[in-house]
Novice: 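This is the structure I want to talk about, given as structure tokens.
Position 1 is the first residue of the sequence; numbering continues from there. Note: hydrogens, waters and symmetry copies are ignored here, and every other heavy atom, side chains too, is used. Everything numeric here is computed off the predicted structure, so don't read it as measured data.
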Amino acid sequence: MDGQHETWAGSRLGSGDEADSLAERIESLLEGEFCGQVHRLEVVCSEGRLILRGCTRTYHVKQLAQQAALDLTEGYPLLVNQIMVS
């Protein structure tokens with residue numbers, strides 16, 4: 001990450017339109033950052049959890065995507081990384 005990204009406090013994760021909007025913004029930033037390295041990337045806010053989904057070729061990219069999401073949410077503790085490595 002370039003250090004010039006916006007961050008959102010974990011307390012803003014929840015349900016409804018705000019959570020969906022947050023998930024879309026995070027997804028958009030991750031797609032830009034990883035330029036196709038995570039295929040079918042999807043970020044979902046569900047029941048107070050941030051869920052990362054998609055597929056990548058390396059565990060390294062999976063970890064980088066997870067850390068980027070944590071950075072964007074100021075370390076939100078309920079992050080579920082369901083990105084598959086294949």
Novice: Quick check on the hydrophobic clustering: are Leu64 and Leu50 connected, directly or via other members, by side-chain heavy-atom contacts under 4.5 Å?
Specialist: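 Yes; tracing contacts between hydrophobic side chains, which count when under 4.5 Å, links both residues.
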Novice: When rounded to the nearest 0.5 angstrom, what is the spacing between CG in Leu30 and CZ in Arg25?
Specialist: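 Here the rounded value is 13.0 Å.
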Novice: Let me confirm one number: the CG-CD1 distance from Leu52 to Ile26, rounded to the nearest 0.5 Å.
Specialist: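 Going from CG on Leu52 over to CD1 on Ile26, the span is 8.5 Å.
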Novice: I need the Leu72 CG to Glu27 CD distance, nearest 0.5 Å.
Specialist: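 Between atom CG of Leu72 and atom CD of Glu27 there are 12.5 Å.
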Novice: Can you tell me how far CD of Glu24 sits from CD of Glu42, rounded to the nearest 0.5 angstrom?
Specialist: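 Glu42 CD to Glu24 CD: 10.5 Å, rounded to 0.5 Å.
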Novice: Are the side chain of Thr58 and the backbone N or O of Val61 linked by a donor-acceptor pair below 3.5 Å?
Specialist: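 Checking the backbone N and O of Val61 against the side chain of Thr58, a donor-acceptor pair under 3.5 Å is found.
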Novice: Atom SG in Cys55, atom CD in Gln37: separation rounded to 0.5 Å?
Specialist: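 Separation between the atoms: 12.5 Å.
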Novice: Hydrophobic cluster membership, with links at side-chain heavy-atom distances under 4.5 Å among I/L/V/M/F/W/Y: are Leu70 and Leu29 in one?
Specialist: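 Yes; tracing contacts between hydrophobic side chains, which count when under 4.5 Å, links both residues.
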Novice: Shortest non-hydrogen contact from Val38 to Ala65?
Specialist: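 Result for this residue pair: CG2-CB, 4.5 Å.
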Novice: Check residues 78-86 and write down every donor-acceptor pair under 3.5 Å in which the side-chain atom is one partner and the other belongs to a residue at least two apart or another chain.
Specialist:
| residue | atom | partner | partner atom | Å |
| --- | --- | --- | --- | --- |
| Asn81 | OD1 | Ile83 | N | 3.0 |
| Asn81 | ND2 | Lys62 | O | 3.4 |
| Asn81 | ND2 | Gln66 | OE1 | 3.0 |
| Gln82 | OE1 | Arg53 | NE | 3.0 |

Novice: Let me confirm one number: the SG-CG distance from Cys45 to Asp20, rounded to the nearest 0.5 Å.
Specialist: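 Cys45 SG to Asp20 CG: 7.5 Å, rounded to 0.5 Å.
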Novice: Can you confirm whether more than 12 heavy atoms, excluding those of His60, are under 6.0 Å from its NE2 atom?
Specialist: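 No, because the 6.0 Å sphere around NE2 of His60 holds 12 heavy atoms or fewer from other groups.
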Novice: So, do Phe34 and Leu41 sit near enough that their side-chain heavy atoms are less than 4.5 Å apart?
Specialist: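 When only atoms from C-beta onward are counted, Leu41 and Phe34 do not touch, as no gap falls below 4.5 Å.
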Novice: Flag the pair Gln67 / Gln63 as yes when at least one side-chain heavy-atom distance between them is below 4.5 Å, and no otherwise.
Specialist: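 The answer is no, as the side chains (C-beta and beyond) never meet within the 4.5 Å cut-off.
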